[in-house]
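Atoms within a ligand are numbered from 1 in the order they appear, just like the ligands themselves.
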Amino acid sequence: MTAFSHLFQPIRIGTMIAKNRLLMSAMSINFGVNEKGHVADQLIQYLAARARGGVGMMLVGGGGIHPSGVELPHLPALWEDDCIPALKRLADTIRPFDCRLGMQVMHGGRQSYHDQKVAPSAIPAPAVVRGVPRALIQEEIHMLADAFGQAAGRCRAAGFDFIEIHGAHGYLINQFLAPNSNQRTDIYGGSFENRIRFLLEVMAAIRKHCGPDFPVGVRINAEDYIDNGWTLPEALRLAPILVENGAAYLHVSAGVYGSRQLTIPSMYVPQGCFVDLAAAVKAKVSVPVVAVGRIKSPRLAEQIIAEEKADMVALGRSLLADPWWPAKADAGAVRRIRPCIGCCLGCIHTVLRLEPGGCVVNPDVGREYLLKSLTPAATPRRVLVAGAGPAGLAAARMLALRGHRVVVCDQDAAPGGALRLAALPPGRSDLAELIAYFVDQLERLAVPLRLNTALDEVLLDEVAPQLVVLATGSLPEMPLIKGLYRTQMQLCTVTEVLSGQSDPGHRVIVWGGNQAALVLADYLAERGREVTVLHPGRHFGEEMSSNDRFYLRERLKNGGVTLYKQVVVESFLADGVRFAGEMGDVLLAAFDTVVLADNFAPLREAANLLKARGLPSHFIGDAKAPRHLMYAVAEGEELGREL
Ligand SMILES: Cc1cc2nc3c(=O)[nH]c(=O)nc-3n(C[C@H](O)[C@H](O)[C@H](O)COP(=O)(O)O)c2cc1C
Ligand code: SF4
């Protein structure tokens with residue numbers, strides 16, 4: 001008996017039946033193909049892990065139909081027949097898991113990563129990629145439509161179950177659909193009928209190469225969220241036409257590069273952000289409709305299906321974070337799902353930098369083919385983990401899974417370390433879900449979590465560990481800046497403010513321009529404070545993903561936060577500061593508080609205690625070197641695997 005009866009109902013899609021309503025959406029993960037773009041073991045095992053986890057349908061992302069439209073350097077290339085044997089190996093690997101395997105076929109158009117881009121018109125993409133594309137001539141348009149068909153045919157020959165046409169997100173097909181990227185004056189531009197022509201030709205070519213019974217879905221944008229872009233009324237007009245032309249399902253997404261709402265939204269955006277768009281499309285068609293967009297909780301997914309807003313739910317990043325999401329949801333074990341925190345850092349931010357995709361909360365992504373299954377520790381030991389931040393929690397879990405006897409201590413009254421504080425500013429509460437996940441895991445593994453407990457002689461005597469893991473975190477550094485320690489303004493740190501130890505006055509200077517400083521500025525602005533951020537560096541929030549930073553910058557703007565970068569302080573004054581900035585010399589006066597949030601220093605004092613006792617120890621996370629969350633989780637898990 002499943003906990004979510006609607007979600008785990010089978011569904012018919014054309015001639016195909018999927019065992020549940022969950023589709024792993026296409027993600028161009030930018031790893032796992034060889035130099036010819038043929039699928040390799042790394043991609044196969046990454047996908048197999050997700051199929052094993054119970055998803056009913058899955059899409060391979062970024063299937064390139066032609067070299068001119070390659071979105072990223074390491075994606076499947078489908079334009080030659082010699083790609084088929086590797087695709088077959090993938091299909092054969094997935095088949096035993098009763099997961100319907102699909103390929104998303106795409107052409108990047110002006111959003112391709114290379115510099116020989118083609119597009120409907122010679123208009124550059126508004127963001128992310130640079131370069132003016134060359135406008136396609138009609139022969140090339142016909143050739144590309146057929147290339148879609150041939151690529152799909154190769155996937156069918158390899159044993160794939162279905163195809164999804166990527167008609168969304170500002171790639172080539174979407175570029176034909178949207179007036180801002182299509183200013184052609186021939187039969188492919190101008191009127192609605194002309195702009196949808198290329199997509200219909202692609203569908204016809206796929207039917208020609210795959211046969212009429214092969215399930216072909218189409219991913220469309222219901223909104224581009226950009227000036228003169230593709231809009232909902234046009235999407236609603238298009239939807240029934242796609243069905244008439246043989247679409248077996250419609251997958252409703254939104255956004256293009258540079259849009260006002262992002263296709264891959266960060267934690268600031270409500271869960272299920274595009275569901276209403278899917279519901280609007282569903283009202284127009286009889287084939288299954290898929291909803292997508294920060295659908296993280298099984299309860300929300302169930303509700304979407306139960307309320308008939310969509311027939312299926314697509315999970316992208318939730319399946320990066322936890323491949324077992326479907327099986328855990330099916331078993332009602334919702335708290336056991338490792339949550340995607342919507343940081344966008346390990347996944348989309350990394351692939352758009354042309355690096356292999358990963359996940360901040362799940363270091364296994366892309367390493368599935370290398371990882372051996374967990375083996376019990378050869379010599380189980382008593383391990384004390386000092387620090388219940390993400391590094392300590394991740395290490396403790398992994399050590400306990402391997403049979404070590406683990407105790408976790410933390411001098412704070414609640415677990416989570418710096419992450420608990422980072423979750424307090426507006427829109428950042430997803431971060432707390434990761435702490436809750438780890439704490440739940442430790443409870444299940446019966447690992448004692450001793451809060452309000454410092455690492456000292458008494459504790460060491462009592463626990464008598466054979467090994468200590470130091471995950472003691474970091475604290476803001478006190479910088480040496482002229483006048484800072486003579487000012488009459490209140491001086492405190494980001495940690496003190498967020499933990500409630502300090503209450504800044506009304507007019508606040510935040511020193512630093514990193515993520516901690518910016519989310520603090522937002523936190524204070526929301527509480528009605530007048531906030532000015534002084535950043536000695538060149539770029540704000542450099543360690544954040546651009547998607548996450550995008551929403552935060554909007555909030556700071558709306559909250560009236562003033563930002564200065566490249567600040568060189570001449571001196572802090574009694575109630576302000578004099579500095580040289582990008583725009584020249586500035587004098588700020590009548591401030592109440594300076595909050596320090598620039599650099600962080602590791603907390604490593606406990607090492608001396610352990611040395612005196614001859615106890616072996618390992619530093620992980622910020623205690624090793626202050627960095628972002630990905631390192632904390634990865635180092636914790638890695639150590640847990642090794643010991
Ligand atoms: C790393 C990454 C790559 C993506 N690549 C594609 C892609 O190739 N095709 C596509 O249609 N969507 C792509 N997407 C978008 C996802 O399919 C999905 O629409 C989006 O992540 C929102 O869903 P989620 O909140 O469940 O992740 C990508 C997303 C990520 C994170
Ligand atoms: S990197 Fe962040 S946004 Fe991307 S899947 Fe992992 S947790 Fe989610």
Side-chain angles (χ1 to χ4, degrees), residues 22-31 46 55 58-64 69-72 74-76 102-108 111 164-171 173-174 217-221 251-257 261-275 277-278 290-297 300-301 313-323 325 337-366 390 430-431 433-434 437 544-545 547-548 628-630 633-634:
L22 294 167
L23 162 71
M24 175 170 161
S25 68
M27 283 177 284
S28 294
I29 202 71
N30 201 34
F31 63 64
Y46 151 80
V55 72
M58 72 162 39
L59 280 158
V60 183
V70 174
E71 183 204 359
L72 296 169
H74 305 293
L75 295 177
M103 176 66 77
Q104 188 187 55
V105 284
M106 72 168 298
H107 187 294
Q111 291 184 175
E164 181 175 281
I165 300 171
H166 198 347
H169 303 169
Y171 296 105
I173 293 175
N174 193 159
V218 187
R219 195 172 215 195
I220 54 167
N221 270 359
H251 188 167
V252 182
S253 188
V256 300
Y257 286 6
Q261 302 288 330
L262 302 183
T263 302
I264 306 170
S266 92
M267 58 184 92
Y268 286 103
V269 177
Q271 295 183 34
C273 50
F274 303 138
V275 170
L277 298 175
V290 185
V292 70
R294 260 176 67 73
I295 300 171
K296 293 188 7 165
S297 92
L300 174 62
V313 158
L315 304 176
R317 291 166 292 169
S318 284
L319 287 175
L320 294 182
D322 193 340
W325 192 110
I337 295 176
R338 188 185 289 229
C340 163
I341 54 171
C343 63
C344 300
L345 189 64
C347 54
I348 191 62
H349 187 74
T350 306
V351 304
L352 289 177
R353 292 165 63 127
L354 311 184
E355 291 164 20
C359 174
V360 163
V361 304
N362 179 5
D364 294 356
V365 172
D430 278 30
L431 299 172
E433 293 173 22
L434 185 64
Y437 162 77
M544 302 178 79
S545 72
N547 287 26
D548 201 19
H628 66 65
L629 181 59
M630 178 147 69
V633 176

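C340 SG, 2.4 Å is the protein heavy atom nearest to atom 8 (Fe) of ligand 2. Nearest to atom 4 (Fe) of ligand 2 among the protein's heavy atoms is C347 SG, 2.4 Å. Looking from atom 19 (O) of ligand 1 to the surrounding protein, the closest heavy atom is R219 NH2, 2.8 Å. Nearest non-hydrogen protein atom to atom 23 (O) of ligand 1 is V292 CG2, 3.5 Å. Nearest to atom 31 (C) of ligand 1 among the protein's heavy atoms is R317 CG, 3.7 Å. The nearest heavy-atom contact from the protein to atom 5 (S) of ligand 2 is R317 CB, 3.4 Å. Residue, atom and distance of the protein heavy atom nearest to atom 26 (O) of ligand 1 are G316 N, 2.8 Å.
Judged by the shortest distance from any of its heavy atoms, A321 lies outside the 4.0 Å radius around the atoms of ligand 2. Judged by the shortest distance from any of its heavy atoms, A168 lies outside the 4.0 Å radius around the atoms of ligand 1. By the 4.0 Å heavy-atom criterion, G357 is excluded from the residues contacting ligand 1.
Taking only nitrogen or oxygen atoms, main chain and side chain alike, Q104 reaches within less than 3.5 Å of ligand 1. For ligand 1, the polar-atom distance check against S253 finds no nitrogen or oxygen pair separated by under 3.5 Å. Note: an N/O pair closer than 3.5 Å links A26 and ligand 1 by distance alone. Remark: ligand 1 and E164 share no N or O pair separated by less than 3.5 Å (distance only, no angle test).
With atom 21 (O) of ligand 1 as the reference point, the heavy atom nearest to it among V313, I264, V269, V351 is part of I264. Nearest residue to atom 4 (C) of ligand 1 from S28, S266, S25, G272 is S28 (criterion: closest heavy atom). With distances taken over non-hydrogen atoms, the option nearest atom 22 (C) of ligand 1 out of L319, L320, T263 is T263. For the residues H349, K296, M27, R294, the heavy atom positioned nearest atom 25 (O) of ligand 1 is part of R294.
The structure places CG of L320 at 7.5 Å from SG of C340, a figure rounded to the nearest 0.5 Å. We find the CE-CD distance between M58 and Q104 to be 14.0 Å, quoted to the nearest 0.5 Å. From R219, atom CZ reaches atom OG of S253 across 4.5 Å, with rounding to the nearest 0.5 Å. With values rounded to the nearest 0.5 angstrom, M106 atom CE is found 5.5 Å from S28 atom OG. To the nearest 0.5 Å, the span separating CE on M27 from SG on C347 amounts to 8.0 Å. From K296, atom NZ reaches atom CH2 of W325 across 11.0 Å, with rounding to the nearest 0.5 Å.
Residue G342 has at least one heavy-atom neighbour below 4.0 Å for each of these atoms of ligand 2: 3 (S), 8 (Fe). Below 4.0 Å from some heavy atom of G62 lie the following atoms of ligand 1, by number and element: 8 (O). Per-residue contacts place H169 under 4.0 angstrom from the following atoms of ligand 1 (heavy atoms of the residue considered): 10 (C), 11 (O), 12 (N). Below 4.0 Å from some heavy atom of I341 lie the following atoms of ligand 2, by number and element: 7 (S), 8 (Fe). Less than 4.0 angstrom separates some heavy atom of H166 from each of these atoms of ligand 1: 9 (N), 10 (C), 11 (O).
Judged purely by atom type and a 3.5 angstrom limit, H107 uses its side chain to pair as donor or acceptor with the backbone of G69. When atom types are taken as modelled, the side chain of N30 and the backbone of G357 share no donor-acceptor pair closer than 3.5 angstrom. Side chain of D548 to backbone of S266: no donor-acceptor contact under 3.5 angstrom is found. Under the 3.5 Å distance criterion, the side-chain polar atoms of E164 are left unmatched by any main-chain donor or acceptor of A26.
At a threshold of 2.8 Å, atom 2 (Fe) of ligand 2 has no backbone or side-chain N, O or S atom of C344 nearer than that distance. Atom 8 (Fe) of ligand 2 has no N, O or S atom of C343 closer than 2.8 Å. For a distance bound of 2.8 Å, the N, O or S atoms of C359 include none lying that close to atom 4 (Fe) of ligand 2.
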Next item on the list: Quick one: do Y171 and H166 satisfy ring pair (Phe, Tyr, Trp, His ring centres under 6.0 Å)? Show the steps, please.
Entry: CA-CA 8 Å; Y171 296 105; H166 198 347; 5.0 Å; yes

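Between the side chains of D322 and N362, no donor N or O sits under 3.5 Å from an acceptor N or O.
Partner V360 forms a side-chain contact (heavy atoms from CB on, under 4.5 Å) with one of V633, L629, L434, T350 and no other, that one being L629. Screening T263, L352, L262 for a side-chain contact (heavy atoms from CB on, under 4.5 Å) involving N547 leaves a single residue, L262.
Salt bridge status for D364 with R338: absent, with no side-chain N to carboxylate O gap under 4.0 Å.
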